[in-house]
Every structure is written in C-alpha cells, then in structure tokens.
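Down below is the structure, laid out as structure tokens.
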2 protein chains.
Amino acid sequence: MTIAKRKRGCSIPNHNAFGGFPIIVLLLLVCALWFQRNQLTTLLLGPTTTTSEVVLDPPGNTFYDDPQLSYSIEKPLKQWDKKRSDWLQLHPSFAAGAQDRILLVTGSQPSPCKNPIGDHLLLRCFKNKVDYCRIHNCEVYYSNLHLHPKMDSFWSKLPIIRSTMMAHPEVEWIWWLDADAIFADMEFKIPLERYKDHNLVVHGWSNMVYTESENMSWTGLNAGSLLIRNCQWSMDLLHVWAQMGPLSSNYAKWGKILTSTFKDKPFPLPDDQSSLIYLLSKQRRKWGGKTYLEETYDLEGYWIATLGKFEGLKNKYNEIEEEASVLRRRHSEK
Amino acid sequence: MTIAKRKRGCSIPNHNAFGGFPIIVLLLLVCALWFQRNQLTTLLLGPTTTTSEVVLDPPGNTFYDDPQLSYSIEKPLKQWDKKRSDWLQLHPSFAAGAQDRILLVTGSQPSPCKNPIGDHLLLRCFKNKVDYCRIHNCEVYYSNLHLHPKMDSFWSKLPIIRSTMMAHPEVEWIWWLDADAIFADMEFKIPLERYKDHNLVVHGWSNMVYTESENMSWTGLNAGSLLIRNCQWSMDLLHVWAQMGPLSSNYAKWGKILTSTFKDKPFPLPDDQSSLIYLLSKQRRKWGGKTYLEETYDLEGYWIATLGKFEGLKNKYNEIEEEASVLRRRHSEK
C-alpha cells in the first residue's frame with residue numbers, strides 16, 4: 001500500500017523553485033503614521049523562493065476520502081460521530097485532550113464595512129479575540145466569506161460553523177462569537193464541565209424561550225455567542241435551522257410564522273436567533289434537552305448596559321488585590 | 001514560605017460576583033449585510049457574572065519580581081539570557097520545545113487608518129496572519145499601541161519587540177511582520193535550523209549592506225519582516241538601534257548622517273530600516289556576525305512585483321499535483 005502523503009507545514013527554502021515568488025507580500029497601505037515606506041519594498045523580489053515538501057499522513061481512509069462528502073449546508077451529513085471518532089483514532093496526537101478543545105469562530109462580510117469606523121472596530125474586536133485565545137491556548141478562525149451565496153448577514157454563521165466542524169475534527173466545541181463582540185473579562189474560562197451533557201450553550205432565559213405566552217421574545221436568548229458541540233446532533237440542528245433561512249423556498253413563509261410568534265420581532269424576514277428560539281420552543285423534546293440556556297452569568301451583554309458597571313468592577317478588583325497582594329505580582333503572559 | 005499565586009485563566013462563573021458584568025460585550029457596529037440586529041442585545045445583561053480564582057505559580061523569584069525591572073525601550077536590560085534561562089527552569093512545561101518557539105508580532109497605529117479601505121485591508125491582513133499561525137501552531141500578537149510616546153510610525157515596533165520578548169520568555173524567536181504584509185505561501189515554514197548560529201534574520205543583500213560604495217542602499221534589506229532571537233544580543237541591538245530614533249536628542253543629526261550615507265533615501269529623518277543597515281555596516285564586527293541576510297528565498301516581496309507570477313506559480317503547482325495525486329487528498333486543516 002502506498003503511504004499516503006500530503007503537503008503541509010513543511011515548506012523549506014529552496015534555490016530551484018518558483019522563480020522568485022515571495023513568502024510574504026507587503027501591501028503598503030500607506031496608513032498615516034505607520035506605513036510611510038511606500039517605496040521601500042519595490043523591487044525587493046529576489047531570484048529564489050520556497051517550495052513544498054510532503055509529510056507522512058496516516059494511510060487509512062478517513063471521511064475526507066469519501067468523494068460524496070460535501071461541505072454544503074444544504075446536504076445532510078450522516079454518521080458524523082463515527083466519522084469524527086474514526087478520524088481521531090487515526091490521529092492519536094489530536095485525540096489526547098480533544099474533549100476540552102475549543103475553536104473560537106467569528107467573521108464578517110467579505111466587503112468593507114459601510115460605517116467609516118466599522119473596519120477599525122472589527123480589527124480591534126478581532127485583536128481582542130486573538131488575545132483571549134492566545135492566553136487560553138485555544139485556536140481562532142475568522143471567516144470573511146459567505147460559504148453559501150444566499151446565507152449572508154446573520155445567517156452566514158451556519159455554513160461557517162458546519163464547515164469548521166468538518167475541517168476541525170480535532171475540536172470538541174465550536175464557540176461562535178459575533179465579530180462585534182469583545183471579551184470584557186480576559187480571564188474568563190468557559191466552564192465546560194457544567195456543559196458535559198449538553199450540545200449547545202447560549203445565554204438565554206427559559207421563561208422567554210419555553211413558553212407559549214406573550215412572554216415569548218426574540219431576545220429570549222442571544223445567538224451572538226454560542227457554544228456548539230462538534231457532533232451529529234449539532235449537524236442535524238444546523239441542517240434544520242438552515243431550512244428556515246434564505247436558502248429555503250419557505251423563507252418568506254417562515255418570516256410570517258416568526259413575526260406572529262414573536263410580538264417584539266422588529267423585521268419581517270426570519271433571523272437566525274428567532275428561528276433558533278422557535279425550534280427550541282416548538283420541538284423542545286428534540287432540541288431543548290441538549291441545549292443549555294446559561295442564565296447564571298453573562299455569556300454576553302449589550303455594551304451600553306455595561307458602561308455604568310466598569311467603575312464598580314474596578315473598585316471590587318482593587319479591594320481583592322489589596323487583600324491578596326500576590327495578585328499584583330508581575331508575570332509572563334503565559 | 002507563602003505559595004505564590006496569581007490570577008490567570010481560571011475564572012469560573014459565580015452567582016455572587018460583580019453585579020452582572022458580562023464576559024462578552026457586543027458592540028453592534030451595524031455593518032451592512034451582517035450586523036442587522038442592532039436592537040438585539042439591548043437589555044440582555046443578566047443579574048450574575050463571573051469572578052476570578054487564583055492558580056498556583058512557582059514561588060521562586062523570577063526577574064519579574066525585581067521592582068527595578070522596566071519595559072521601557074530607553075532603559076538597558078542586562079543579563080537577559082540568565083534571567084530568561086532561570087525563568088524557563090522554573091517553568092519546565094515551557095522549557096520543553098522553547099528553542100523552536102516563535103511568536104509572530106505585528107501591529108498598527110492606535111487610530112483608524114486615514115485611507116478609507118485601510119482598516120478593511122488591515123483586518124484581512126491580520127486574518128491571513130492568524131490563519132498562518134493556526135496552521136503552524138505559533139502564537140500571534142497584534143499591537144495597536146505606541147509603547148513609547150515618541151516611537152511611532154515604523155519606529156513603534158522596537159518597543160513592541162522588546163516588550164514581547166520580556167512578556168514571553170517562553171519563546172525563542174520574535175517574528176516581526178508589518179501589518180500590511182500577507183503570507184503568500186501558507187505552507188512556508190521558517191528554516192530555523194539554518195539560523196541556529198544567528199540572532200537576527202532579515203531579507204537582504206550583503207553587497208547593498210556591507211559596502212562603502214555608492215551601491216549602499218536603504219533598501220539593502222527589508223525590516224518589515226524580521227526574525228529576532230529572544231536574547232541579550234537582541235536587547236542590546238534594540239537599545240542601540242532605538243537611540244537613532246525619535247526618542248533620541250540626536251534624531252535630526254542621525255537623519256543627516258543617514259541621508260548622506262544612503263543616496264536613495266527619500267526622506268530626511270531617520271527610519272528604522274536605514275538605521276539598521278547603518279549599524280550593520282558601520283559596526284559589522286559587533287552586529288553583522290549574528291545577522292543572517294537571507295538572499296536565497298523571498299522572506300518578503302513587494303506586491304506589484306509578484307502579480308505577474310501567480311499564473312506561473314499555479315501552473316507549476318498543478319504539474320506537481322498531477323504527478324502526486326495524493327497531494328489533492330482532502331484532509332483536516334491541522
């Protein structure tokens with residue numbers, strides 16, 4: 001049997017390669033105070049570059065070798081738990097610690113933000129997430145693509161979550177965070193032990209989700225920060241959930257159902273959040289049992305509501321640090 | 001002896017904490033096609049939040065416990081090799097593999113880019129770097145601060161590099177990349193073995209750096225992509241190098257020296273790149289011996305010069321993949 005190989009992560013500099021194609025390309029944005037060297041890198045292309053080598057990969061077939069395998073959100077994915085488990089068996093270095101591994105996923109639209117300050121804030125929000133992930137040893141992926149042409153806006157995260165699950169069988173959890181969210185507590189750690197019997201964790205309130213009354217609200221949970229387990233249950237949920245979105249021929253019909261269900265929903269077409277609450281509420285036995293509505297701490301919060309709390313927070317931290325001076329001891333970031 | 005503790009990475013949700021301060025704050029940028037839920041998270045702040053606990057840290061003193069320790073680029077740091085080595089001995093989990101560990105460092109100015117498309121491109125450039133680092137298991141840090149008020153523009157990287165060295169004694173190398181640089185070859189891996197006897201690696205040409213002739217050019221190397229070892233030699237270089245920058249009372253004087261040295265230098269004040277070439281050239285024995293001018297592949301290149309090469313590159317990759325079909329085998333990102 002031929003030993004399967006693939007190229008990955010082992011390119012080395014080589015004199016005989018692709019005619020001076022550079023490893024790194026400098027774009028020269030000519031930003032104020034920073035990129036003042038716009039003639040600097042012109043003509044710096046040298047005559048040589050790198051090439052790629054191949055590394056050994058387990059020869060055994062994995063689900064990736066199935067030519068029918070599709071990343072499309074429109075096609076159901078079956079037997080994912082077995083496929084993922086088989087892959088982990090073939091990759092024992094990833095199997096160790098897999099059960100607590102989180103991939104933080106976020107993203108924004110491919111085009112520039114129309115708000116003049118928008119992309120600057122997106123950049124800072126992304127830096128904040130990367131900082132959090134570096135401190136907590138978790139990976140982060142930023143999508144700037146719509147993986148399904150009709151699934152844009154808030155719907156775009158569904159195909160992204162599905163694809164990252166498939167591309168990252170080594171992670172147990174996908175933590176979706178909206179691009180405009182920032183970590184206010186960089187030391188926060190997700191209490192995974194609490195969620196060991198659940199597949200979906202969202203900040204929400206059961207009395208606003210699991211109710212038939214007027215109390216039902218499209219803000220009964222917030223889908224801007226959600227933790228979803230990399231398993232068949234989640235694949236099934238994503239498939240059903242996506243059927244309420246713009247890829248469905250019933251999109252407008254779902255809009256009518258949702259606006260009649262949620263009296264406070266401010267626009268007629270379906271959004272991912274109302275749709276998720278609807279699914280949980282109407283098919284509670286199917287989806288509710290494995291969904292953890294986190295009410296005991298703020299997995300997310302609206303920024304205006306937090307502004308008045310910074311001062312009090314600072315004072316309480318100061319009190320704690322005065323009692324335990326060792327907390328002020330300097331240390332490495334890690 | 002009291003066991004030293006510090007708070008880090010172990011916050012857990014707690015009912016009795018800081019009055020509903022959220023873990024994650026949603027900013028709601030209201031970007032087109034994406035952030036269409038600007039009323040969504042209002043009032044979602046719950047009544048409870050997280051608190052922090054403390055974790056055990058080695059009780060032995062490290063260099064961080066020295067009250068005289070300064071992160072300032074203006075103060076020389078002495079005995080860094082011993083300090084770092086002692087720290088690693090106290091943190092054996094980081095000592096393993098430390099010699100090949102790279103921290104990729106990049107950054108841009110604190111304020112929005114004045115070019116309307118600038119921040120969007122910075123966001124995409126940062127995504128590209130984060131993707132590269134995720135694939136290659138290396139950490140990445142984005143600075144959006146000027147750590148010395150006078151060291152802005154291209155000079156800002158010197159205090160940033162110095163500080164990240166101090167904050168990350170677990171890494172052997174800092175790889176500085178300008179914010180506007182992108183990886184064109186995501187499979188490229190820095191050939192560290194080649195640089196084992198050097199402390200600084202830059203893309204450059206010795207006949208344009210180590211010369212007294214008219215051939216001397218301020219583009220004899222490119223300081224936009226440099227690899228610098230986390231060691232005393234580098235601390236010393238940064239200190240001397242910074243003395244040619246805007247924090248020095250001799251700043252204007254250095255500008256005159258540099259413009260008379262480099263006939264092609266297009267502006268009168270010192271820049272970091274000309275200054276580095278000047279130091280290497282004038283104090284070759286002191287700095288040149290440990291500096292590797294990489295000429296055999298393109299550690300960076302100017303984007304316009306690469307445009308015509310993509311087609312040829314694609315064709316050569318196609319040829320390779322036709323011969324070795326296993327390269328087209330699908331696999332996980334990791």
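Sequence lines set the chain letters: A, B, ... in the order given, protein chains first and strands last, and positions in each chain run from 1.
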- Query: When you look at B/R329 and A/D65, which way does the side chain to side chain contact (heavy atoms under 4.5 Å, CB included) test go after all the steps?
  - Reply: CA-CA 7 Å; B/R329 187 181 171 195; A/D65 294 303; 2.9 Å; yes

- Given that the side chain runs from C-beta out, which part of A/N128 has a heavy atom under 4.5 Å from chain B: side chain, backbone, both or neither? neither

- Message: With a 4.5 angstrom heavy-atom cut-off, is it the side chain or the backbone of A/L69 that approaches chain B, or both, or neither?
- Response: both

- Task: Could you tell me whether the side chain of B/S332 reaches within less than 4.5 Å of the side chain of A/T62, counting heavy atoms only?
- Result: no

[atom2] on [Y] to [atom1] on [X], rounded to 0.5 Å:
X: B/N144; Y: A/H120; atom1: CG; atom2: NE2; answer: 7.0 Å
X: A/E333; Y: B/S163; atom1: CD; atom2: OG; answer: 12.0 Å
X: B/D119; Y: A/I117; atom1: CG; atom2: CD1; answer: 7.0 Å
X: A/R124; Y: B/Y142; atom1: CZ; atom2: OH; answer: 10.0 Å

- Go through the steps to decide whether A/H168 and B/R134 satisfy the test side chain to side chain contact (heavy atoms under 4.5 Å, CB included), and finish with yes or no. CA-CA 12 Å; A/H168 290 273; B/R134 191 180 58 254; 4.3 Å; yes

- Task: Heavy atoms only, distances under 4.5 angstrom: which of A/F183, A/F63, A/F126 has the most pairs with chain B? Name it, please.
- Result: A/F126

- Message: Test of understanding: with salt bridge (Lys or Arg N to Asp or Glu O under 4.0 Å), list the residues that count as partners of A/E139, not counting sequence neighbours.
- Response: B/K334

- Atom of A/R330, atom of B/D66 and distance for their closest heavy-atom approach: NH2-O, 3.0 Å

- Query: Between A/V130 and B/Y141, does a side chain to side chain contact (heavy atoms under 4.5 Å, CB included) hold up when you go through it step by step?
  - Reply: CA-CA 8 Å; A/V130 171; B/Y141 174 71; over 6 Å; no

- Where on B/D264 is there a heavy atom nearer than 4.5 Å to chain A: the side chain, the backbone, both, or neither? neither

